[in-house]
Amino acid sequence: MADTARQGEAESTGGPRQRKASWRYIGPGIVVAATGVGAGDLVATLIAGSKFGYTLLWAAVVGCLVKISLAEAAGRWHLATGRTLFDGWRSLGVWTTFYFAGYVAIWGFVYGAAAMSSSALPLQALFPGVMDLKWWAVLCGVTGLVFVWFNRYAVFEKIMTILVGVMFVVTVYLAVRVTPNLGEAFAGLAPVLPDGSLIYTLGLIGGVGGTITLAAYGYWVNAKGWTDTSWMKVMRLDNRVAYITTGIFVVAMLFVGAELLHSSGLALAKGDKGLLDLGGILEDQYGAATAKLFLIGFFAASITSLIGVWHGVSLMFADFVTRFGKRGATTGAEVAAGAREKSLPFRAYLLWLTFPPMSLLFLDQPFGLVIVYGVIGAFFMPFLALTLVWLLNSSRTPREWRNGWLSNGVLGTAGVLFLVLCVQQVRELPW
């Protein structure tokens, strides 16, 4: 959320002429929205709705505003400086390199297995008896690998847009089907904290759509061909569309949780399997057709997260490797050229996300690996928020595009929020 006064100053100082924000340019925002909202996020929202009804609706809205600010800051860095986000991190010291290297290695290994399993669950439910869950998961992983390996950003964006359309239709249909109480929903916009709701509230604000994909947004902006400040207005519209879309998903699932689960006292299992529980409840209440439609939406949510991470984080890893092979800065123009998507580091990380994690599909996750993954993952969001505050208030960013008071306030608050969530997540690990 940059200040409009600063934007006007940029145009008056001879910077690139601002392109008119237009819906026809929308793209990277759809990708980040689709990737950031996975099955686990939908379950967390459903559980919050089942426990507290509409009371925490305000937290979902605040969470979307926080993510708009974070993604806007990442996109603004790429466009204002012409440099990639990892190049900015490197300028803060070598510690960022060690952190990122450890993160993408361990996080990618465990996330790969989780994403494949999540995508397999609805397929096994839709086609019972065809094959074991593990083999559905392997098929999803290999399909994601082949798709990203042989397609560039333009095709990737189109497929993600179609899948987001499926998610949108299904979630909105379910929200309407359960007949939400709009009076109680509007009352839920008032910020209140029922007893025992603090962790759920923080999770709604900080969790849904809040992953490394927020950092990947700037790379997708560049891959779209947006490489300088002339695209700033377009990027901001695109980003708002992303998190309004995310907000609709979250609110729709909260409605389902409030009406279908809270009112009847039903409970879901934690994790992705909770969505299978919901499928069974929907079949009992509304019939097999609604349940199957829901499973299709469940698959769309899971597979978009898989292929989104396969593409976006591989782009970041390729940038990470490239930075060691050159003296100067790594630029957004290099990402826009498309060569990174064909590079050896990009494809090597694709393989890392796909094949080594398959071992976890057949074995219980090693205890120590789960702990390290949880700790590193918990620290990423505060790392992103606070490093963006640092970068966008320093001389690394042209003065006219640095943070204003509003951006600093939201990003600083987000950093503190994510630190609190980080501590809570670490405390809940199976030490």
Side-chain angles (χ1 to χ4, degrees), residues 33 36-68 164-210 240-241 243-270 272-298 300-301:
V37 181
D41 297 308
L42 297 181
V43 172
T45 308
L46 282 165
I47 292 175
S50 70
K51 288 182 176 292
F52 303 103
Y54 295 102
T55 309
L56 299 182
L57 182 59
W58 66 271
V61 174
V62 170
C64 290
L65 295 176
V66 168
K67 306 310 185 315
I68 286 173
V164 166
V166 173
M167 291 169 61
F168 186 89
V169 169
V170 171
T171 54
V172 171
Y173 167 76
L174 290 176
V176 173
R177 194 78 170 81
V178 300
T179 318
N181 186 319
L182 296 181
E184 291 184 11
F186 280 114
L189 295 174
V192 296
L193 282 175
D195 291 341
S197 67
L198 179 60
I199 298 305
Y200 293 97
T201 303
L202 293 176
L204 276 177
I205 295 174
V208 180
R240 288 164 190 155
V241 168
Y243 284 98
I244 289 171
T245 304
T246 300
I248 291 171
F249 293 150
V250 173
V251 169
M253 286 295 100
L254 197 71
F255 281 7
V256 173
E259 290 295 338
L260 195 61
L261 306 176
H262 179 68
S263 59
S264 56
L266 298 172
L268 298 180
K270 289 186 177 180
D272 299 346
K273 290 185 178 179
L275 290 185
L276 291 185
D277 292 348
L278 179 62
I281 294 168
L282 288 168
E283 184 168 5
D284 292 340
Q285 295 279 342
Y286 304 111
T290 295
K292 289 188 182 299
L293 181 64
F294 165 73
L295 289 172
I296 292 170
F298 177 3

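- Closest approach of E259 and N181 over heavy atoms only: OE2-N, 3.1 Å.
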Discussion item. Side chain to side chain contact (heavy atoms under 4.5 Å, CB included), that's the test. Do K67 and T246 meet it? Break it down for me.
Written reply: CA-CA 10 Å; K67 306 310 185 315; T246 300; over 6 Å; no

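- The distance from atom CG of L254 to atom CG of L46, rounded to the nearest 0.5 Å, is 8.5 Å.
- With sequence neighbours excluded, the residues forming a side chain to side chain donor-acceptor pair (under 3.5 Å) with Y173 are R177, T290, listed by chain and number.
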Worksheet entry | side chain to side chain contact (heavy atoms under 4.5 Å, CB included) evaluation trace for V164 with F249 | CA-CA 10 Å; V164 166; F249 293 150; 4.1 Å; yes

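- In this view, P191 and W58 satisfy the side chain to side chain contact (heavy atoms under 4.5 Å, CB included) rule, not counting sequence neighbours.
- The heavy-atom pair separating P194 from L56 by the smallest distance is CD-CD2, 4.0 Å.
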Discussion item. Quick one, L174 with L293, criterion side chain to side chain contact (heavy atoms under 4.5 Å, CB included). Give me CA distance, side-chain angles, the key distance, then yes/no.
Written reply: CA-CA 9 Å; L174 290 176; L293 181 64; over 6 Å; no

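- Residues that satisfy the side chain to side chain contact (heavy atoms under 4.5 Å, CB included) test with A291, not counting sequence neighbours, are E283.
- The shortest non-hydrogen separation linking V178 to Y286 is CA-OH, 3.6 Å.
- The neighbour count for F168 CZ, taken as heavy atoms of other residues, nucleotides or ligands under 6.0 Å away, does not exceed 12.
- G297 and M167 make their closest contact through O-CG, 4.2 Å (heavy atoms, listed as atom of the first residue, atom of the second, distance).
- With sequence neighbours left out, A252 forms a side chain to side chain contact (heavy atoms under 4.5 Å, CB included) with T171, A175.
- If you take CZ on F52 and CG on D195, they are separated by 8.5 Å, rounding to the nearest 0.5 Å.
- Applying the side chain to side chain contact (heavy atoms under 4.5 Å, CB included) criterion to I244, with sequence neighbours excluded, gives I248.
- Partners of Y54 under the ring pair (Phe, Tyr, Trp, His ring centres under 6.0 Å) rule, at least two apart in sequence or in another chain, are F255.
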